[in-house]
Structure formats: structure tokens, C-alpha cells
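Position 1 is the first residue of the sequence, and the numbers go up from there. For clarity, every value in this text was computed on a predicted model and none was experimentally measured. The analysis underlying the following values was restricted to heavy atoms, covering all of them including side chains, and did not include hydrogens, waters or symmetry mates.
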Amino acid sequence: MEKEKEVWSFKTSDLVAIPNIITYVRFVLIIPFVYFFLAEQYIYAAICIGLSGLTDCFDGMAARKLNQVTPLGKILDPIADKVTLFAVVICMVIYVPMVLPILVTLLVKDLLMLIGGADLIKKRLTPPSANWYGKVGTIIFYFSVCLIVFLKAFFAYENMVLDLVLLSVTAASMLYALYRYGKIYFAMIKEYNESLKKTADIKNK
């Protein structure tokens with residue numbers, strides 16, 4: 001739990017740290033993805049998402065290899081994930097309206113996580129970095145949505161049962177990630193409040 005106790009800090013040099021620069025690329029890739037997808041150029045859209053996924057792996061590897069794990073990076077990484085997911089889901093909803101429940105689930109999950117993260121930063125605590133359950137949820141999301149779109153776009157194949165199963169598993173993985181992150185958040189808040197109480201007790205003595 002040591003990482004969860006880390007005090008929030010920011011350095012200007014963090015803006016040009018190589019892992020964070022790689023993360024910026026994921027933000028930039030959203031624009032061509034949306035353009036190609038709406039233009040029905042699905043192969044190019046898939047390439048953009050593939051590159052985004054690669055940079056998602058590389059920024060973490062670079063941060064550890066170069067010893068450039070920064071509080072800013074821990075914030076930028078999940079934000080890049082969320083913005084990319086929103087762009088993908090919105091495009092999916094336009095193409096496959098059945099994805100709408102996933103968009104609602106994603107909105108609720110990320111809104112709650114955003115509120116929690118902002119509260120931690122306000123208390124000068126670093127929000128937890130992405131954990132395996134968050135990454136697994138993202139992988140399941142991409143797999144499910146891409147499979148639905150791929151079958152419809154290239155084979156004109158739609159299977160209601162398959163779609164419902166894929167979307168249900170995706171929603172469940174998102175809610176599980178929210179539950180696990182929620183546990184971390186409340187544990188950090190509890191520890192923070194206890195430290196405030198101890199400080200107050202010492203001052204009152």
C-alpha cells in the first residue's frame with residue numbers, strides 16, 4: 001500500500017518526461033481514429049487503436065526502465081485510457097446502438113473515479129495508478145466492441161445473444177474495477193482522516 005500513501009506533487013520537468021510524452025501520443029491518436037471510423041475506413045481506425053494500445057504498454061515500460069514514474073504520469077495514463085474509451089464507445093454507439101448500455105456504465109464508472117481522484121488530489125494524495133483489474137476491463141472492452149463491429153462491418157453478421165453476452169461481460173468487468181478502486185479510495189480516505197486526527201490530538205496535548 002505504500003504507493004497509495006504517496007503525497008501528490010508536481011514538477012515542470014514531469015511534462016517532458018519521455019513516458020508522459022508517449023502518453024500524449026495516445027491523446028493525439030484519438031483524432032485520426034474518429035475520422036477514419038466515421039469515414040468507414042475501419043482498417044485505418046483499427047491501426048490507430050492498435051498504436052494507442054502499444055503506446056499504453058510502452059509508457060509504463062519506459063517509466064520503469066528510465067525511472068521516470070511521476071505523479072503526473074499516474075494521472076495522465078488513466079485519463080488517456082478514459083478519453084480513448086469514450087471516443088471508441090461514442091463511435092460504436094453511432095454504428096452499433098446496442099453498445100449504449102456500455103457507454104452509460106462507462107460514464108458512471110469514470111465519473112465516480114474522476115470525483116474520487118479529484119478528492120484525493122485536493123487532499124494532496126496521489127490517486128492509485130492503473131491496476132490489473134482496470135487493464136483487464138479495458139482489454140475485455142476492446143475485444144468485445146471490436147468483435148461486434150468487425151462481424152457487422154465485414155461479414156454483415158449480427159447475433160443478439162453473442163452481443164448481449166459480450167456487453168454483459170464488459171459491463172461486469174468495469175463494475176468490478178470500480179469496486180476495487182473504490183476499496184482503495186475509501187482505505188486512503190480512512191488513513192488520511194486518521195492521520196488528521198492524530199495530528200489534531202498531538203496539537204491539543
J.: Kindly compute the distance separating CG (Asp81) from OG1 (Thr23), expressed to the nearest 0.5 Å.
T.: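 Spacing of CG (Asp81) from OG1 (Thr23) equals 9.0 Å.
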J.: Closest heavy-atom contact between Gly116 and Tyr185?
T.: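 That closest heavy-atom pairing would be O-CE1, 3.6 Å.
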J.: Would you sort out whether Phe37 and Ile94 count as a side-chain contact (heavy atoms from CB on, under 4.5 Å), showing the intermediate values?
T.: CA-CA 10 Å; Phe37 189 93; Ile94 294 172; 5.8 Å; no
J.: Just verifying a value: how many Å separate Leu151 CG and Leu166 CG, rounded to the nearest 0.5 Å?
T.: 9.0 Å
J.: How far does OH of Tyr133 sit from OG of Ser173, to the nearest 0.5 angstrom?
T.: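 Tyr133 atom OH to Ser173 atom OG measures 13.5 Å (nearest 0.5 Å).
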J.: Rounded to the nearest 0.5 Å, what separates atom CD1 in Ile30 from atom CD1 in Ile49?
T.: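 Here the rounded value is 8.0 Å.
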J.: Has Arg26 got a side-chain atom pairing as donor or acceptor with Leu51's backbone, closer than 3.5 angstrom?
T.: no
J.: Looking at NZ of Lys123 and OG of Ser195, how far apart are the two atoms once the value is rounded to the nearest 0.5 Å?
T.: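 It comes to 11.0 Å.
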J.: Would Val88 end up clustered with Val28 when hydrophobic side chains under 4.5 Å apart are linked, directly or stepwise?
T.: no
J.: So if you build clusters from Ile, Leu, Val, Met, Phe, Trp, Tyr with side-chain heavy-atom gaps below 4.5 Å, do Leu175 and Val104 land together?
T.: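 Leu175 and Val104: separate clusters.
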J.: Is there a path from Ile31 to Ile43 through hydrophobic residues (I, L, V, M, F, W, Y) whose side chains come within less than 4.5 Å of each other?
T.: no
J.: With a 4.5 Å limit on heavy-atom distance, are the side chains of Asn20 and Asp77 in contact?
T.: no
J.: Starting at NZ of Lys197, measure out to CG of Asn193 and round the result to the nearest 0.5 Å.
T.: 11.0 Å
J.: Taking the side chain as everything from C-beta on, heavy atoms only, tell me whether Val25 gets closer than 4.5 Å to Phe27.
T.: no
J.: Decide yes or no for Met188 and Ile184: does some side-chain heavy atom of the first lie under 4.5 Å from some side-chain heavy atom of the second?
T.: yes
J.: Quick one: closest heavy-atom pair of Lys109 and Leu178, and the distance?
T.: O-CD1, 3.9 Å
J.: Could you check if a side-chain atom of Val34 sits within less than 4.5 angstrom of a side-chain atom of Cys91, using non-hydrogen atoms only?
T.: yes
J.: Assess whether atom OH of Tyr179 is packed by more than 12 heavy atoms of other residues, nucleotides or ligands within 6.0 Å.
T.: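 No - once you tally the heavy atoms of other residues, nucleotides and ligands closer than 6.0 Å, there are 12 at most.
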J.: I'd like to know if the side chain of Ser52 reaches the main chain of Cys48, judged simply by a donor and an acceptor atom lying under 3.5 Å from each other, with no hydrogens or angles considered.
T.: no
J.: Should we say atom CZ of Phe186 is surrounded by more than 12 heavy atoms from elsewhere, each under 6.0 Å from it?
T.: no
J.: Tell me the closest heavy-atom pair linking Thr84 and Ala80, and the distance in Å.
T.: OG1-O, 2.8 Å
J.: Should Phe86 and Leu114 be regarded as members of a common hydrophobic cluster, given that ILVMFWY residues are connected when their side-chain heavy atoms come within less than 4.5 Å of each other, either directly or indirectly?
T.: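 No: no chain of side-chain contacts under 4.5 Å links Phe86 to Leu114.
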J.: Do you reckon Leu196 sits in the same ILVMFWY cluster as Leu120, going by side-chain contacts under 4.5 Å, direct or chained?
T.: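 Both belong to a single hydrophobic cluster.
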J.: Would you call the rings of Phe36 and Tyr44 parallel, tilted or perpendicular if under 30° counts as parallel and over 60° as perpendicular?
T.: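 Judged by the thresholds at 30° and 60°, the geometry between Phe36 and Tyr44 is tilted.
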